Number of protein chains: 2
Amino acid sequence: MTKQRREVYTVLMKNRDHPTANDVFRRLQREMSAISLATVYNCLDALAEHGLINQVNFDREPSRFCVNPAPHVHFRDARTGVIHDINFKEGCQITDLLELPDGAEVSELELTISGDLPAQT
Amino acid sequence: MTKQRREVYTVLMKNRDHPTANDVFRRLQREMSAISLATVYNCLDALAEHGLINQVNFDREPSRFCVNPAPHVHFRDARTGVIHDINFKEGCQITDLLELPDGAEVSELELTISGDLPAQT
DNA sequence: CTTCCGATTTAGAATTATTCTAAATCGGCC
DNA sequence: GGCCGATTTAGAATAATTCTAAATCGGAAG
């Protein structure tokens, strides 16, 4: 844990809105923290490697980063662009619903959903 | 359906191994079909827009294209790199397993899995 | 058959997220 | 204080994709 990695992590924790690497970079600059964009990428990599954060990809858009360590998936509200973490229902294995070949072992799984949420009332 | 779109589609049908745009381009060249890479991209877009093919993204790798029109997900065997189409079990809605907010409407859903398959015996 | 027109194709330039490079800096340890 | 491997850094490089503007196509209308 270097100074820079801690700063990147802190920014992610402060606002858990799935920012891109560039978002993180700009937030750190705004806080007068002189960090290089390359370092932001390095730090995000390092944090992800140690399982502290997750890299989230919607299609081919810039990667976003998520501090939620629990297994979950992502839902983007098409209207607002907000990305919501969605948990699995109690005791559910998504792979139970799939016709996986016998003996297949899942090591990584990413599920992203786009859709609409009813307007807040 | 233009000549080029048909050619792109034919190449995809001939070898359903989830090629990238560049793979498609090279296959067409090999068949002496003089097509531009930009056109391959255009055609893939047009075909995807009309629901004939699907764009498949694994992390931030180059997009791959899939001619399977049925709802399904993708599993990549980490050992061989081969991408397999995985169907849902009969009558299963993946969204039934998720704690989606009330009234959420899913319009797109992408699930990619990486893992290992037992070696063929 | 020719003309016209919008859509498509094309080559090449541009874009952009990310990675790479090589030098500078850091922090811990002797 | 001096050394060393790891990290940071600025800037260049990379690579998938998109954009641009001109050329071409193919069908409809005359």
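First the proteins, then the strands, lettered A, B, ... as listed; each starts at 1. No experiment lies behind these values; they were computed from the predicted model shown.
- Proximity note for A:I35 (side chain, C-beta onward) versus D:dT9, C:dA11, C:dT9: the nearest is D:dT9.
- Between A:L98 and B:I113, the closest side-chain pair of non-hydrogen atoms falls below 4.5 Å.
- Using a 4.0 Å heavy-atom distance criterion, B:N42 is classed as a base contact.
- We find that CG of B:D45 is positioned 15 Å from C1' of C:dA7, with the value rounded to whole Å.
- Distances from the side chain of B:A21 to the nucleotides D:dT17, D:dT8, C:dT10 place D:dT17 closest.
- An OP1 or OP2 oxygen of D:dA16 is reached within less than 4.0 angstrom by no side-chain nitrogen or oxygen of B:R60.
- A salt bridge is defined here as a Lys NZ or Arg NE, NH1 or NH2 lying under 4.0 Å from an Asp or Glu carboxylate O, and B:R76 with B:D59 fails to meet this definition.
- Within the structure, a side-chain polar atom (N or O) of A:R5 is placed less than 4.0 Å from OP1 or OP2 of D:dT7.
- With rounding to whole Å, A:L44 atom CG is found 11 Å from D:dT8 atom P.
- Nucleotide D:dG27 holds its C1' atom 18 Å from the CE atom of B:M1, rounded to whole Å.
- The side chain of A:Y41 approaches C:dT19 more closely than any other nucleotide in the set C:dT9, C:dA11, C:dT19.
- Residues A:I86 and A:H72 have side chains not in contact (no heavy-atom distance under 4.5 Å, counting atoms from C-beta outward).
- When distances are taken from the side chain of B:A38 to each of C:dA17, C:dT9, C:dT10, the shortest belongs to C:dT10.
- Between the C1' atom of D:dA6 and the CD atom of A:E49 lies a distance of 14 Å, rounded to the nearest Å.
- Listed by chain and number, the residues in a side chain to side chain contact (heavy atoms under 4.5 Å, CB included) with A:D45 amount to none (sequence neighbours excluded).
- When the C1' atom of D:dT17 is taken as reference, atom CG of A:D59 falls 14 Å away, rounded to whole Å.
- Closest to the side chain of B:L37, from the set C:dT18, D:dT17, D:dT9, is D:dT17.
- Between the NZ atom of A:K3 and the P atom of C:dG28 there is a distance of 13 Å, given to the nearest Å.
- Here D:dT9 presents its P atom at 11 Å from CD of A:Q29, a figure rounded to the nearest Å.
- Between A:T2 and D:dT7, a side-chain N or O to OP1/OP2 separation shorter than 4.0 Å is absent.
- Heavy atoms of B:T20 sit nowhere under 4.0 angstrom from any nucleic acid atom.
- Distance check, rounded to the nearest 0.5 Å: CD of B:Q4 to SG of B:C43 gives 6.0 Å.
- Put simply, CD on B:E61 is 14 Å from C1' on C:dT18, counting in whole angstrom units.
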